[in-house]
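The model shown is predicted, which means the values in this text are computed figures rather than measured ones. Computation of the quantities below employed the complete heavy-atom set of this structure, encompassing side-chain atoms and omitting hydrogens, waters and symmetry-equivalent molecules.
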Amino acid sequence: KCNHSGAVAICREDGSSRRWTCCGEVFYQARVTSNGVTQYYKTIQEAFEAAGDGDTVGILEFDTAEAKEISTNKDLTIELVGSVSSNGPRFRFSGNVTFLSAGLNDSPAAFSPFVIVEKGGALTVPEYYDSEETVPNAIRFTSIVVYGTAEVGGGAYHYLTADGGTVNLSGSGVQVNSQLSVQNGGKLTADGAQIDWFNVSGGTSTATVTGSAIEQLTVTGGTATLDNCTVKSNSPTSGGSTVSGGSLTVSGSSSEIKDLTVKNGDVTVTGGMLTGTLTVDGGTVNVTNTVVKGAEINAGSFTLGEKAVFDEHELHICGGEAIIDAGDKDGIKDNTSCKVIVEGGKLTLKSGEIGCITDIKSGAQAELNGGNFGIVWVSGKLTVNGAVQKKYKTDSYIEISRGGEAELLSGSCDQIIVRGGKLTVSGGNCSLLDVAAYCWDNVTLSDGSFGVIRVEAYEVLADNTVKKLDNIGY
């Protein structure tokens, strides 16, 4: 007669997975190994209750008839031995627990447990490889919520949340396939992880991520720091990443963030690239030592700082303030596809270079207080107070059109063309001042120096364009 003291693995009739039994009448869900002795149990909860601190509990399979939440406050090692249905168990741990793959799991992806780590509890999921060191730990968790601590070196996770607790992700084998969250004062460190959607919220939450690949980022509070990470999605439907509170710091020459929108909070980028379109709807964005591929400023403040380069696309300013303070050789480079449009708000050049400002529209303003600029069209307000004009491709001039207003306080200009609006010069120097005769009354020269002042006759046409007549009155 069977005394049900041992068990062997047998295949189910359909061959899909193993079951553990001693005689074919009693089936076991778990086993406990203590001091070299192994006992088998019909439920996982019974095994937890029988185990002592330091014992190893083997999960053989999970019967969905067992209570959905299984808890323990003991310090245990849990081995995943057999296959478990995708409707896996829900564990609640308040002790120190280590999850291991025993290497016998036919279908580890089917285990999918939901784990809650209570405050004071600790979870460890080490990096695991098979005997040939080619297959990373294939344990797949439905969700882990950490109020205590978790040290994660391997496995795949649908949801992983540091909810006031501390989580460390280490090793390239860690994958978060839906959402990694840090909230309610939680703390996260990660190195080499693969993350689908990364969310940081809560005023005291902190996340430090290095060398990881992130599909999408959302920061609504707390502090997020990324070093040599990529944040971009290959999906054409991805909405990009958003910062609407807290702070984001990006560093490292290998960093790349694509299609970032800043609604509030503080963003600092000190290396790598901002690709797609950077949209600033509020908050403060400071960029140094970085290549920016395109930006739209609607509100808030954007600073292109030292050794930063704006390349290939437009800087479109509709509101707020954009500050160029990029140093001697950087800024908005003079190529055909890189221009500045100021439709609203304010543009300030402190140092660096702006090749072409295609228009300063009515109601918008620009102050060129340092650095170099090439071509500027003005129908809003322009102030030159220390900047020096140099050629953009083959030309360099300021053209003031109807409704525009320009003031030269200091600095130098190669050419100022007045075809409408108003010009005031009270300092600096200009090589050529070219004024349409009908605009002369709107030109005030109180100080400064000029090479040539030329006044020419123009006819204003019905469509408000002007046509040059024969030269009259140099």
Side-chain angles (χ1 to χ4, degrees), residues 69 71 73 90-99 113-127 139-229 231 241-251 257 262-268 283:
E69 184 167 289
S71 62
N73 60 358
R90 178 187 179 105
F91 293 113
R92 184 179 293 272
F93 299 134
S94 54
N96 298 330
V97 173
T98 299
F99 263 104
F114 187 116
V115 176
I116 299 171
V117 183
E118 293 282 14
K119 188 174 182 179
L123 171 69
T124 301
V125 184
E127 191 171 17
I139 302 174
R140 295 185 181 271
F141 293 83
T142 297
S143 179
I144 293 182
V145 179
V146 181
Y147 302 103
T149 63
E151 186 74 29
V152 179
Y157 306 83
H158 199 52
Y159 294 96
L160 176 56
T161 304
D163 194 347
T166 300
V167 175
N168 178 40
L169 308 182
S170 61
S172 58
V174 179
Q175 300 177 8
V176 183
N177 298 318
S178 283
Q179 183 172 331
L180 172 63
S181 297
V182 186
Q183 62 193 40
N184 296 325
K187 293 177 173 56
L188 170 80
T189 56
D191 186 4
Q194 300 177 54
I195 304 166
D196 188 352
W197 180 17
F198 182 30
N199 177 55
V200 182
S201 62
T204 59
S205 299
T206 61
T208 302
V209 183
T210 304
S212 298
I214 303 167
E215 290 274 326
Q216 191 170 354
L217 171 69
T218 301
V219 181
T220 59
T223 302
T225 302
L226 308 182
D227 180 53
N228 285 311
C229 295
V231 184
S241 297
T242 303
V243 177
S244 56
S247 67
L248 169 66
T249 301
V250 180
S251 61
I257 298 185
V262 181
K263 298 181 178 180
N264 203 352
D266 299 314
V267 175
T268 302

| Residue pair Asn199 / Gln179, side-chain heavy-atom distance below 4.5 Å | yes

| request: Find the distance between CG (Leu180) and CD1 (Ile214) and round it off to the nearest 0.5 Å. | output: 8.0 Å

| said: Could you tell me if the side chain of Val146 sits less than 4.5 Å from the side chain of Ile144, heavy atoms only? | reply: yes

| request: Indicate whether any N or O donor in one side chain lies under 3.5 Å from an N or O acceptor in the other, for Asp163 and Asn184. | output: yes

| request: Verify the ring-centre separation between Phe141 and Phe99: is it less than 6.0 angstrom? | output: yes

| Side chain of Thr161, backbone of Val145: donor and acceptor closer than 3.5 Å? | no

| What distance separates Asp191 CG from Thr208 OG1, expressed to the nearest 0.5 Å? | 11.0 Å

| Non-hydrogen atoms of Val219 and Ala224 that approach each other most closely | CG2-CB, 4.1 Å

| remark: Closest non-hydrogen atoms of Ser212 and Ala193, given as atom of the first, atom of the second and distance, are OG-N, 3.0 Å

| Any side-chain heavy-atom pair of Val152 and Tyr157 under 4.5 Å | yes

| note | To the nearest 0.5 Å, atom CZ of Phe198 lies from atom OG of Ser181 at 8.5 Å

| query | Do Tyr147 and Val117 come within less than 4.5 Å of each other through their side chains, counting heavy atoms only? | reply | no

| Min side-chain heavy-atom separation Phe91-Ile116 under 4.5 Å | no

| field | Flag side-chain contact, heavy atom, 4.5 Å: Val250 against Thr268 | value | no

| task | Evaluate the side-chain proximity of Thr223 to Val200: yes if any heavy-atom separation is below 4.5 Å, no if none is. | result | no

| query | When rounded to the nearest 0.5 angstrom, what distance separates CD in Glu118 from CG in Leu123? | reply | 12.5 Å

| Beyond-backbone contact of Leu169 with Leu188, side-chain heavy atoms, under 4.5 angstrom | yes

| field | Rounded distance [0.5 Å steps], CD1 in Ile195 versus CD in Glu215 | value | 10.5 Å

| remark: On a heavy-atom basis, the closest approach of Gly185 and Thr204 is CA-OG1, 3.2 Å

| query | So, His158 versus Ser178: side-chain donor-acceptor pair below 3.5 Å or not? | reply | yes

| remark: Tightest non-hydrogen contact, residues Glu151 and Ser170, listed as OE2-OG, 4.1 Å

| query | Under the 3.5 angstrom rule, does the side chain of Thr124 hit a backbone N or O of Thr98 as a donor-acceptor pair? | reply | no

| field | Interatomic distance, Thr210 atom OG1 to Leu226 atom CG [nearest 0.5 angstrom] | value | 8.5 Å

| query | What closest approach, in Å, do Thr220 and Ser201 show between heavy atoms, and which atom pair accounts for it? | reply | OG1-CB, 3.1 Å

